[in-house]
Each structure stands twice: as structure tokens, then as C-alpha cells.
Amino acid sequence: TQLLEQSPQFLSIQEGENLTVYCNSSSVFSSLQWYRQEPGEGPVLLVTVVTGGEVKKLKRLTFQFGDARKDSSLHITAAQPGDTGLYLCAGAVSSNTGKLIFGQGTTLQVKP
Amino acid sequence: DAGVTQSPTHLIKTRGQHVTLRCSPISGHKSVSWYQQVLGQGPQFIFQYYEKEERGRGNFPDRFSARQFPNYSSELNVNALLLGDSALYLCASSLLGTATDTQYFGPGTRLTVL
């Protein structure tokens, strides 16, 4: 069974602080996607990483895919209250299907 | 352009009943996947359909079934509902349904089983 362990599960920080969310597995993934989900809504894609060692930046968010394509991290610089939400990592298990294995999510609260 | 749409938004059923959830993918997308998200957890894969054929199935009992229509819309059916089926059911569409293809999620259907 392929699992994605996401940590931490909860994070409450002050505006302006930096944070990192980790996503780890013993399995190799074809790609890894990060989503953000608001209460009562579906997940919204932030980024897809495909190549081992790949780093992608989206404004204050930096995403990294591990060299062995088993782990990933999301780093947020100078967090803002608008960053509050549930962050999910999801790994694609094979190149031929879109089946995603999701981590359990990180609930981020950024206080003003 | 319209995103992924799902209906109904909310649904309340009692144990033993059956339910049908509907999903319309983004125009031009040929793949639809279904996920179950229990409160406090990440979504779990139920089914993927591509060009009306089942491409993948998650670890769910046979009470769960799905199909995709010629217009690429999809239905998820759940029979003999259990309390544990209460969850947010998400539909995701993508162009080709491959691992590197971006998946777009709908707002979900909140199912409550009493």
C-alpha cells in the first residue's frame, strides 16, 4: 500500500513567519501535486512537480521534489492570513493513470 | 469557461438507501476521477474513467460503482449506504487522465448518512 505521510498536521503561526510542510513516502511517484483546499470546496491545484530534484516557485511558495521522487516539501515565506487553509500533497502512482494518493493534509492558520 | 460541476451540493440519506452523484467535467476533458474525503483526512481514490472505460479502481466495496457517459459526464452510485459513507465526494477532470496531467476538482457533494 502506497502512503504519503504529511507533516505537520496542524500549524498555527503569526503573519510574517516562514514555514515548511513535508510530504514523505517509501514509494516512488511519477509526479507529485500540491493542492490547497478551503472549507466546503474542492482542492485547487498549486503546482505539479515531475522531475527528481525539481524546484518550482509560485510567488512566496517554493515547492521541491526529492531527488528520488519519494518526498516533497512546500515552503512559504512571510506567511499572510490569506495563506490560511488545508494544504494537501498528492502523488501519482503510475504514468498511465491519474490515480492520486493524498497525504492527510496540513491545516495552516496564519494569525494577523 | 465553466469548471467541474457536481450535483447535488448536499444530500442527506438514511442507512440502507442508495445515492447517485453526478459530475460534469471541464469541456474537452475526457477523464473523470472520483474521490471520497472523510472529515479531517485527505481524499481517497475511488474510480477513474477515461473515454467511458474504467481505468482505475480504489479499495472500495462493490457497493460503489460508477460510469461515464458519451458526453464524458459521470455518475457515482453507492448502494446500501452505511454511516461511514458520510463524506465529501469529489470529482476531478483532466484532459488525458495521465499522471502528469493536471486534475481539476469540483466543489464536491457533501453526503450525510443518518
Side-chain angles (χ1 to χ4, degrees), chain A residues 1-10 21 23-25 27-52 54 56 58 65 69 72 74 85-107, chain B residues 3-7 9-10 21 23-26 29-51 53-60 68 74 87-110 112:
Chain A
T1 303
Q2 290 144 315
L3 292 172
L4 264 177
E5 297 290 334
Q6 196 171 334
S7 62
Q9 280 190 276
F10 300 97
V21 178
C23 195
N24 296 296
S25 177
S27 302
V28 176
F29 292 101
S30 299
S31 67
L32 197 134
Q33 305 179 19
W34 284 91
Y35 292 85
R36 181 178 150 189
Q37 186 177 22
E38 301 289 344
E41 298 180 12
V44 175
L45 181 72
L46 297 173
V47 77
T48 299
V49 285
V50 178
T51 307
E54 184 175 1
K56 282 192 175 179
L58 186 66
F65 201 13
R69 290 186 289 133
S72 181
L74 157 61
L86 176 67
Y87 290 83
L88 294 159
C89 63
V93 296
S94 87
S95 58
N96 294 326
T97 80
K99 175 181 177 180
L100 294 175
I101 303 294
F102 278 84
Q104 61 265 59
T106 295
T107 299
Chain B
V4 177
T5 59
Q6 292 185 242
S7 63
T9 308
H10 296 86
L21 310 180
C23 171
S24 291
I26 292 171
H29 284 194
K30 298 181 178 180
S31 174
V32 169
S33 297
W34 287 94
Y35 290 82
Q36 180 196 65
Q37 187 176 22
V38 174
L39 198 61
Q41 296 182 19
Q44 275 199 296
F45 175 78
I46 310 175
F47 287 109
Q48 183 193 11
Y49 278 79
Y50 177 74
E51 289 277 20
E53 297 288 328
E54 182 183 300
R55 189 180 258 185
R57 171 185 286 253
N59 190 23
F60 280 81
Q68 187 177 32
S74 177
L88 180 68
Y89 288 84
L90 295 163
C91 171
S93 83
S94 65
L95 199 59
L96 299 174
T98 58
T100 55
D101 207 11
T102 299
Q103 293 199 38
Y104 298 88
F105 282 82
T109 294
R110 172 71 63 186
T112 302

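Below, chain A is the first sequence line, B the second, and so on; all start at residue 1.
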Taking side chain as everything from C-beta outward and backbone as N, CA, C, O, which of these in [X] sits under 4.5 Å from a heavy atom of chain A? Side chain, backbone, both or neither.
{"X": "B:Arg55", "value": "both"}
{"X": "B:Gln37", "value": "side chain"}
{"X": "B:Gln48", "value": "side chain"}

Practice task
State whether the side chain of B:Tyr35 and the backbone N or O of A:Phe102 hold a donor-acceptor pair below 3.5 Å, judged by distance alone.
Solution key: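 Checked: no pair found.
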For [X], is it the side chain, the backbone, both or neither that has a heavy atom under 4.5 Å from a heavy atom of chain B?
{"X": "A:Gln33", "result": "side chain"}
{"X": "A:Glu38", "result": "neither"}
{"X": "A:Leu86", "result": "side chain"}

Handout entry: Top of B:Ser33, B:Pro43, B:Gly42 for chain A proximity - count of heavy-atom pairs under 4.5 angstrom
Key =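 Option with the top pair count is B:Pro43.
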Practice task
Identify the two heavy atoms, one from B:Ala99 and one from A:Ser31, that lie closest to each other, and give their separation to 0.1 Å.
Solution key: O-OG, 2.8 Å
Exercise for the section: Please check if atom OH in B:Tyr50 has more than 12 non-hydrogen atoms from other residues, nucleotides or ligands closer than 6.0 Å. Expected result: yes
Practice task
Please indicate whether A:Lys56 has more than 12 foreign heavy atoms, meaning atoms of other residues, nucleotides or ligands, lying under 6.0 Å from its NZ.
Solution key: yes
So, taking the atom named [atom1] in [X] and the one named [atom2] in [Y], what distance separates them when rounded to the nearest 0.5 Å?
{"X": "B:Phe105", "Y": "A:Leu88", "atom1": "CZ", "atom2": "CG", "result": "8.5 Å"}
{"X": "B:Arg57", "Y": "A:Lys99", "atom1": "CZ", "atom2": "NZ", "result": "11.5 Å"}
{"X": "B:Ser94", "Y": "A:Leu100", "atom1": "OG", "atom2": "CG", "result": "9.0 Å"}

